[in-house]
Amino acid sequence: MVQRTANAEVMSMDLSPKRPAKAYGGDGGAYYDWSPADLPMLGAASIGAAKLHLAAGGLSLPSYSDSAKVAYVLQGAGACGLVLPEAAKEKVIPVKEGDALALPFGAVTWWHNAEHSSADLVVLFLGDTSKGHVPGKFTNFQLTGATGIFTGFSTEFVARAWDLDQDSAAKLVSTQPGSGIVKLAPGHKMPEAHAEDREGMVLNCFEAPLDVDIKGGGRVVVLNTANLPLVKEVGLGADLVRIDGHSMCSPGFSCDSAYQVTYIVRGSGRVQVVGIDGTRVLETRAEGGCLFIVPRFFVVSKIADETGMEWFSIITTPNPIFSHLAGRTSVWKAISPAVLETSFNTTPEMEKMFRSKRLDSEIFFAPS
């Protein structure tokens with residue numbers, strides 16, 4: 001009875017793609033997030049989603065989160081300061097469009113867009129909130145600023161912790177009026193980013209070897225424990241998928257009880273999701289900037305519009321496995337002819353014709 005009720009709740013949820021709302025910001029940029037109130041599957045799947053926009057000279061102040069995350073640079077270039085748990089030294093990582101970083105629990109980060117940058121630095125965060133304070137929403141803890149941790153401690157505690165006199169401690173804690181994001185004063189010198197700090201920390205999805213490359217169809221880069229070891233600590237897998245105009249992504253599902261969280265980077269297309277008892281639970285057009293979640297074991301397929309479609313997804317397992325229902329690797333190609341014939345209640349001739357299709361295509365189908 002409990003299982004039936006849970007199934008009914010998932011089937012009745014609004015799965016339509018949503019855009020984020022601004023949470024805070026100022027001259028230096030803004031932080032946007034998706035709310036489980038608007039996208040209920042975030043709470044059901046315990047997934048958080050947010051975006052950081054930094055203007056030229058913007059700095060996202062040092063903070064840590066209650067959730068492990070994958071960060072993906074959607075636009076621009078800049079620097080990410082990263083201090084891993086128990087690390088004695090900060091890494092200052094140069095980042096650029098297409099970079100993916102795995103950020104485990106306890107990681108302290110700051111983000112900076114250079115003063116003379118010609119574009120905003122935009123970073124997408126997707127992560128697991130199952131151990132967080134609010135299922136479906138990141139809770140970030142600022143180390144400094146108007147909402148910084150130390151503003152909550154008494155001057156006595158701050159002075160003892162930092163070995164300062166109380167006047168100095170009070171002044172240090174109160175001098176940064178900004179909250180979360182600030183704009184640096186002109187000419188303020190920030191630490192230099194080091195290319196060697198990217199090693200083992202960053203995978204650029206535009207430069208990495210393609211896991212799937214189908215001419216006229218699409219391309220995939222998968223993030224897993226093999227090419228980004230920190231993914232294991234985060235407990236999430238991810239991929240970047242780009243399909244060409246009017247191409248189709250084969251109907252498929254995650255066969256290891258994982259949720260698929262998809263952010264449309266650019267382009268647009270049609271999306272259909274089919275759930276329990278063959279019910280189509282979503283039929284919509286998804287556009288750049290939108291996010292949606294596919295429930296566990298539900299089948300999803302996409303067809304790009306004329307300009308194609310690109311999306312970045314996380315899967316709630318570090319080494320995801322998918323089953324596809326069309327194409328050369330389709331489960332139908334493995335099922336014996338007699339079973340297929342009976343399952344569809346069709347003739348041997350129709351079964352042979354069905355099996356003979358898509359022998360060369362894998363998961364993307366170019367337009368005929």
Side-chain angles (χ1 to χ4, degrees), residues 20 23-25 28-33 48-55 57-114 117 120-129 131-133 137-150 176 178-184 190-204 223 228-236 238 312 314:
Y24 60 85
Y31 180 86
Y32 301 81
D33 62 7
K51 277 203 303 183
L52 173 67
H53 288 241
L54 287 180
L59 173 69
S60 175
L61 296 172
S63 67
Y64 63 93
S65 177
D66 65 350
S67 307
K69 307 173 184 177
V70 171
Y72 180 70
V73 181
L74 295 167
Q75 176 186 301
C80 171
L82 172 64
V83 182
L84 293 172
E86 300 184 342
K89 186 180 178 182
E90 168 190 70
K91 292 180 180 291
V92 182
I93 303 169
V95 295
K96 60 185 178 180
E97 185 176 346
D99 279 352
L101 301 82
L103 304 176
F105 281 110
V108 174
T109 60
W110 54 261
W111 299 81
H112 175 239
N113 191 12
S117 175
D120 284 1
L121 174 64
V122 184
V123 185
L124 173 72
F125 299 99
L126 301 174
D128 175 13
T129 65
K131 297 179 181 179
H133 288 275
K137 194 176 182 70
F138 297 133
T139 300
N140 298 319
F141 294 83
Q142 305 293 332
L143 296 189
T144 64
T147 57
I149 292 295
F150 281 95
Q176 174 52 274
S179 178
I181 299 172
V182 299
K183 190 174 181 69
L184 299 180
M190 288 293 288
E192 185 178 348
H194 301 285
E196 56 268 27
D197 283 347
R198 289 175 60 88
E199 187 173 349
M201 307 301 302
V202 181
L203 179 74
N204 187 274
L223 280 69
L228 195 60
L230 273 178
V231 162
K232 183 177 182 180
E233 291 187 39
V234 172
L236 302 167
F312 184 82
I314 63 163

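It should be emphasised that the depicted structure is a prediction, and the values quoted were computed from it without experimental measurement. Heavy-atom basis, side chains included; hydrogens, waters and symmetry copies ignored.
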Tyr64 and Leu143: CA distance, side-chain angles, deciding distance, side chain to side chain contact (heavy atoms under 4.5 Å, CB included) verdict: CA-CA 8 Å; Tyr64 63 93; Leu143 296 189; 3.8 Å; yes

Closest heavy-atom pair and its distance - Tyr31, Ala50: OH-CB, 3.2 Å

Leu84 vs Glu233, side chain to side chain contact (heavy atoms under 4.5 Å, CB included): CA-CA, chis, key distance, verdict: CA-CA 12 Å; Leu84 293 172; Glu233 291 187 39; over 6 Å; no

His53 and Tyr32 aromatic ring geometry - parallel, tilted or perpendicular at 30°/60° bounds: perpendicular

Side chain to side chain, Ser67 and Asp128, heavy atoms closer than 4.5 Å: no

Minimal non-hydrogen separation, Phe138 against Gly127, with atom names: CZ-N, 3.4 Å

Side-chain touch Asp197/Leu82, heavy atoms, less than 4.5 angstrom: no

All pairs passing side-chain hydrogen bond (donor to acceptor under 3.5 Å, both in side chains) where residues 98-112 contributes a residue, at least two apart: Glu90-Trp110, Asp99-Arg198, Asp99-Asn204

Atom pair NZ (Lys137) and OG1 (Thr129), whose distance is rounded to the nearest 0.5 Å: 10.5 Å

Considering all heavy atoms, the nearest Pro104-Leu230 contact: CG-CD2, 4.4 Å

Least distance between heavy atoms, Pro229 atom then Gly200 atom: CD-O, 4.3 Å

The single option from Ser63, Ser60, Pro62 passing side chain to side chain contact (heavy atoms under 4.5 Å, CB included) against Gln142: Ser63

